[in-house]
There are 2 protein chains.
Amino acid sequence: MSDMNPTADAPRSPGRPRSVRADEAIVEATLDLLAEGSTIEALSIEAIAARAGVGKATIYRRWPGKDALLLDALRRLKGVVPQPAGHSVRDDLVLLVGAVGHNIDPRAERIMPCLVPEVNRSPDHFQLYQNIIEPRRKIMREVLRRGVATGELRADLDIEVAMALLTGPMLVQRLLRWHPELDDRLLPERVVDGVLDGLRTR
Amino acid sequence: MSDMNPTADAPRSPGRPRSVRADEAIVEATLDLLAEGSTIEALSIEAIAARAGVGKATIYRRWPGKDALLLDALRRLKGVVPQPAGHSVRDDLVLLVGAVGHNIDPRAERIMPCLVPEVNRSPDHFQLYQNIIEPRRKIMREVLRRGVATGELRADLDIEVAMALLTGPMLVQRLLRWHPELDDRLLPERVVDGVLDGLRTR
DNA sequence: CCGATACGAACCGGTGCCGTATCGAAACAT
DNA sequence: ATGTTTCGATACGGCACCGGTTCGTATCGG
């Protein structure tokens with residue numbers, strides 16, 4: 001958000017006001033193009049402008065360059081962090097695990113995989129990614145701790161490893177289509193139950 | 001391999017023989033560039049030639065285009081499929097899980113993440129990816145089935161879900177640097193033990 | 001030594017993008 | 001009405017790169 005100040009202190013600049021419509025259209029076009037498979041590096045201001053039905057100048061008037069625009073657009077994609085009910089640890093985990101890699105915006109599902117390489121390359125993108133997922137991880141961490149406190153989960157549980165165990169399978173499935181046959185809707189339950197109970201004969 | 005026939009039946013073609021050195025240099029350059037973060041689509045014959053210290057014609061003489069070259073290069077990257085000892089199911093799993101996303105060539109670790117978007121987009125690349133990992137999955141599947149047969153693992157085990165549980169955490173860690181603090185060397189053991197025993201208090 | 005082939009470098013035509021400038025029209029404040 | 005700013009559109013120069021081919025040279029077998 002370079003210089004967007006729609007309210008308050010603005011000294012009521014003269015002239016024609018910026019079109020909110022254009023604002024929205026630009027961000028939407030960016031996300032659409034990403035969702036359609038464009039690489040971050042392949043994404044061009046020109047393509048965005050064309051897709052948004054907007055002059056390039058309109059974009060440059062708002063953002064200094066591709067990176068700034070991208071940051072804004074991805075931020076808007078984040079979605080809402082799910083709030084577990086807090087009754088059953090198992091049910092809370094099913095909810096959270098089901099939310100892994102499953103943002104509200106359906107485009108996110110197509111976009112996130114494309115960000116993987118960037119995340120590995122650019123510290124900035126890595127940071128952005130971490131900022132997006134950290135709140136969700138925090139919630140899961142708290143649920144796990146609660147489980148340990150109530151005795152539902154092993155006392156010697158390594159929280160970080162446990163989170164990897166829970167989120168890993170879902171992410172791999174949704175990011176890489178690991179097993180095309182696996183049912184996405186049932187998977188969260190099966191993952192949570194599998195990890196909680198273990199594979200070994202008891 | 002379009003037309004490489006270094007031995008045997010060759011009718012001893014006249015003229016200057018192809019430089020094995022160039023052959024190697026081209027493939028190496030391709031893998032290097034990928035490992036350095038280049039996208040598949042961003043990878044150009046020109047860049048490869050430059051990096052290999054080779055004329056573009058030398059490349060076109062061997063491969064019809066980028067795709068064919070890439071296929072060859074990635075194939076050469078695959079590495080060896082690990083062979084479990086077959087004594088303890090747990091130890092076998094540790095070995096296999098440790099091998100997930102961990103090819104012999106250290107560049108593979110950098111390259112694989114960059115392929116994620118392509119794998120999601122192009123059916124061809126998806127197929128190539130599946131061809132590479134399927135042999136490994138098959139081995140793990142067999143180990144799991146053996147565990148069920150010997151009674152070490154639950155009789156009602158869903159093999160596919162179990163594989164997702166085991167490989168998911170490792171892949172996420174190695175693909176996305178999920179938890180930068182987690183020790184890569186210890187992780188396989190902890191994942192296998194965690195999944196086998198479960199998180200619940202027994 | 002000769003013909004044949006491969007070699008690296010250089011070349012060519014084409015594409016796409018960036019960032020800016022300009023235009024007539026539109027939308028606001030005064 | 002007037003001045004200011006933004007609008008979408010279009011054009012521009014400049015640049016970078018890319019795919020494929022050509023070219024003179026190097027290296028082989030015979």
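In what follows, chains are A, B, ... by sequence order, proteins preceding strands, each numbered from 1. Keep in mind that the numbers below use all heavy atoms, side chains included, and drop hydrogens, waters and symmetry copies.
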Residues A/R62 and A/D23 bridged, charged N to O under 4.0 Å: yes
Table of protein N/O atoms under 3.5 Å from nucleotides 17-23 of chain C N/O atoms:
unit_1	atom_1	unit_2	atom_2	d
C/dC17	OP1	A/S44	OG	3.3
C/dC18	OP1	A/I45	N	3.3
C/dC18	OP2	A/I45	N	3.1
C/dC18	OP2	A/E46	N	3.2
C/dG19	OP2	A/Y60	OH	2.7
C/dG19	N7	A/K56	NZ	3.1
C/dG19	O6	A/K56	NZ	2.6

_Could you check whether the side chain of B/R16 and the base of C/dA4 have a donor-acceptor pair of N or O atoms closer than 3.5 Å, going by distance alone?_
no
Here the distance between atom C1' of C/dA6 and atom CD of B/E24, to the nearest Å, is 18 Å
Worksheet item: Are any of B/S19's side-chain N or O atoms less than 4.0 Å away from OP1 or OP2 of C/dA6?
Response: no
A/R18 atom CZ is separated from D/dG8 atom P, nearest whole Å, by 11 Å
Do B/R137 and B/E134 sit within salt-bridge range, that is, some charged N less than 4.0 Å from a carboxylate O?
yes
| If only atom types and distance count, is the side chain of B/R174 paired as donor or acceptor with the main-chain N or O of B/V100 below 3.5 Å? | yes
Q.
Please determine whether a side-chain nitrogen or oxygen atom of B/R21 lies at a distance below 4.0 Å from atom OP1 or OP2 of C/dA6.
A. no
Separation of D/dT6 atom C1' from A/D23 atom CG, nearest Å, is 12 Å
Original post:
Can a salt bridge be assigned to the pair A/E36 and A/R107 using a cut-off of 4.0 Å between side-chain N and carboxylate O?
Top reply: no
**Request:** May I ask you to say whether B/R190 pairs ionically with A/E160, meaning some side-chain N is under 4.0 Å from a carboxylate O?
**Result:** no
To the nearest angstrom, the CD1-P distance between B/I59 and D/dG19 comes to 10 Å
When A/G15 and B/T58 are each assigned the nearest nucleotide of DNA chain C, the 5'-most assignment goes to B/T58
Between CD of A/E41 and P of D/dC17 the distance, given in whole Å, is 13 Å
Legend entry - Under 4.0 angstrom between B/R62 side-chain N/O and C/dC7 OP1 or OP2: yes
For B/R146, the side chain to side chain donor-acceptor pair (under 3.5 Å) test, sequence neighbours excluded, returns B/D92
